[in-house]
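Shown next, in structure tokens, is the structure this report addresses.
When reading the values below, keep in mind they use all heavy atoms of this one structure, side chains included, and skip hydrogens, waters and symmetry mates. Predicted, not measured: the structure shown is a model, and the values here were computed from it. Throughout, a chain's letter reflects where its sequence line sits, starting with A, and its residues are numbered from 1.
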2 protein chains.
Amino acid sequence: MDHLETRELRYFVAVAEELHFGRAAVRLGIAQPPLSRAIRQLEHRLGVRLLDRDRRGAALTGAGEVLLREARAALDAVAAAARRTQRAGDSKRPLVLVTKAGASHELLQRLLGVLADEPGAPPVEVLLCEVGEQARLLRDGSADVALMHRPFDDLTGFDTEDLLVEGQIALLPAGHPLASRDQLTLAEVRDVPGLPIARWPRLDGSYPDGPGPQVRTQSQLAQLVALGRTLLVIPASSRAWQWPDHVAVPVVDAPEATTVIAWPPSSRSREVASLVRSAAGLRGTAPPVHPPG
Amino acid sequence: MDHLETRELRYFVAVAEELHFGRAAVRLGIAQPPLSRAIRQLEHRLGVRLLDRDRRGAALTGAGEVLLREARAALDAVAAAARRTQRAGDSKRPLVLVTKAGASHELLQRLLGVLADEPGAPPVEVLLCEVGEQARLLRDGSADVALMHRPFDDLTGFDTEDLLVEGQIALLPAGHPLASRDQLTLAEVRDVPGLPIARWPRLDGSYPDGPGPQVRTQSQLAQLVALGRTLLVIPASSRAWQWPDHVAVPVVDAPEATTVIAWPPSSRSREVASLVRSAAGLRGTAPPVHPPG
DNA sequence: AGCTCTGATACCGGCCCGGTATCAGGCGGT
DNA sequence: ACCGCCTGATACCGGGCCGGTATCAGAGCT
């Protein structure tokens with residue numbers, strides 16, 4: 001058996017995602033017949049049936065599901081190789097640090113402040129992304145390091161260093177009965193009448209069933225809270241993006257949220273190591289969870 | 001910029017490892033001119049110089065070193081995609097568990113025993129490898145799970161579950177003065193006259209400098225100990241491969257060794273999950289470190 | 001039956017990969 | 001200084017494979 005080419009993997013991923021040869025071909029910018037042939041060759045090469053063709057499209061076999069998952073990871077690795085190599089070519093390129101927009105704002109500010117003061121520190125470019133995108137940007141080489149949050153983000157496959165452990169708060173619309181409380185419990189927050197928890201898209205882009213509004217970005221979420229349509233429980237440091245119409249109330253029994261700095265285990269460059277060291281130096285200097293007074 | 005193909009990565013890795021276009025071409029089974037052209041195209045495509053050509057061969061640039069590391073990881077991921085897909089095609093294929101030959105022998109025996117008794121457990125094929133090979137076999141899809149040892153093995157990029165924490169022992173030639181001791185300390189074991197620590201090959205195949213003998217396999221090592229040429233400090237459970245000519249003495253202040261079960265984060269199949277669960281069920285049943293009596 | 005939508009097949013042209021032959025240049029030996 | 005020798009680079013050619021167009025085959029629907 002000789003080696004797979006990324007072209008074959010890209011073609012397969014397109015078909016597996018569209019479950020339709022014609023649409024996949026359009027997405028790839030080629031015609032349908034060569035695509036059918038390529039998939040057939042791939043199946044023959046691997047000796048495994050990947051798709052069950054049908055009059056109304058195609059369906060993944062068990063092996064096809066495995067290959068879809070593996071192929072995505074492999075393509076990310078190849079893309080990462082290209083991106084990281086190109087960035088290694090630019091001498092004195094900045095490191096890219098990615099974080100969820102709005103999360104861990106104080107920590108990030110302090111980190112950037114420390115780096116600005118240190119003469120030897122590498123320049124850092126901050127890339128803000130939406131929820132759940134950090135892992136992909138880190139995996140495919142678009143970013144060098146990420147601030148992520150345990151237990152919310154998927155940290156598998158990364159090296160991490162804990163930076164900050166904090167409690168969580170409920171973010172409520174100002175004026176809501178619960179907003180005047182000093183503290184809340186998870187049981188009180190769950191199933192609040194008229195304030196269902198918002199629903200995030202799954203990895204495949206579909207939404208779970210439920211009563212809450214569908215959201216895709218944090219600004220959508222922030223506005224929905226301000227409009228009195230939903231509430232959320234988030235790490236205390238996310239208060240940074242609190243609106244005037246928001247009220248934050250500590251949730252005393254919520255699991256602790258840990259902010260970590262994460263990087264791909266393969267990229268152990270001096271610059272990344274230095275950045276991680278600077279970040280680790282901030283550990284234990286968490287601001288108080290409750291506002292003073 | 002369009003996409004890299006694995007062919008280009010394989011070619012580059014060959015050249016980067018050989019540092020010689022001619023030898024790399026032989027290894028790849030192609031002629032030298034197309035290889036030179038392919039590398040040149042790759043450099044042009046990435047917009048980065050990867051190799052400094054020279055009258056006596058080639059040398060990696062900084063970007064080249066990055067690409068070598070990344071390309072190896074990417075090629076492993078692609079190979080893993082192929083292997084895992086093929087194995088997914090065989091219905092009721094056994095899971096492959098890889099471990100260092102001789103390590104954690106009792107734990108492995110107990111694990112296999114438990115799995116044999118459980119009716120729903122997946123069949124397991126055991127693959128024994130040499131030191132440091134587990135990570136690669138796991139990464140490239142040749143194995144589904146591995147028994148590895150912290151802090152000795154490189155666990156980056158894998159999900160793990162701790163199975164067994166144990167002390168370490170010194171394995172000495174029978175008849176050596178230290179062999180009659182009840183226990184030893186690291187300081188005593190270090191720099192024993194006439195018993196230098198053996199040297200293992202680095203990732204690139206070269207050996208570090210030092211007085212000890214060069215070894216590549218555990219059986220070489222075992223024999224060298226029996227011959228009175230070296231000593232080693234290993235987890236207590238590795239006594240399983242103790243020879244009659246070996247004597248094991250606990251090293252009281254050696255760092256603890258943890259046996260973990262590891263698997264690629266991408267392969268979260270039911271079978272792997274079930275195997276990990278069975279293995280985790282053995283936790284805390286470590287045999288005593290000191291032989292009874 | 002006929003339309004439509006699916007993927008499969010047939011065939012052809014162009015590109016790119018890989019081979020052979022050759023070149024260019026630095027180094028070492030006598 | 002000459003000549004081999006080794007390095008990678010260049011030139012050119014042939015074939016295979018990829019991708020395009022045209023067409024087929026079969027099932028569901030009206």
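The distance from atom CD of A:Glu8 to atom P of D:dG19 is 10 Å, rounded to the nearest whole Å. Spacing between atom CD1 of B:Ile30 and atom P of C:dT20 amounts to 12 Å, rounded to whole angstrom units. Counting to the nearest Å, the P atom of C:dC16 and the CD atom of A:Glu5 are 15 Å from each other. Across the protein-nucleic acid pair, A:Leu28 atom CG and D:dG19 atom C1' stand 12 Å apart, rounded to whole Å.
Residues B:Ser142 and B:Val98 fail the side-chain proximity criterion, which asks for heavy atoms closer than 4.5 Å. At a threshold of 4.5 Å between non-hydrogen side-chain atoms, the residues A:Val15 and A:His20 do not count as touching. The shortest distance between side-chain heavy atoms of A:Gln32 and A:Val26 does not fall below 4.5 Å. A heavy-atom distance below 4.5 Å is found between the side chains of B:Ile39 and B:Phe21. For the pair A:Ile261 and A:Thr160, the minimum side-chain heavy-atom distance is 4.5 Å or more.
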What string of B, S and - do you get for nucleotides 7-18 of chain D, 5' to 3', if B is base contact, S is sugar-phosphate-only contact and - is no contact with any protein heavy atom under 4.0 Å? SBBB-B-----B
Step by step, work out the salt bridge (charged side-chain N to carboxylate O under 4.0 Å, His left out) result for B:Glu70 and A:Arg83. CA-CA 10 Å; B:Glu70 296 288 333; A:Arg83 284 213 184 78; over 6 Å; no
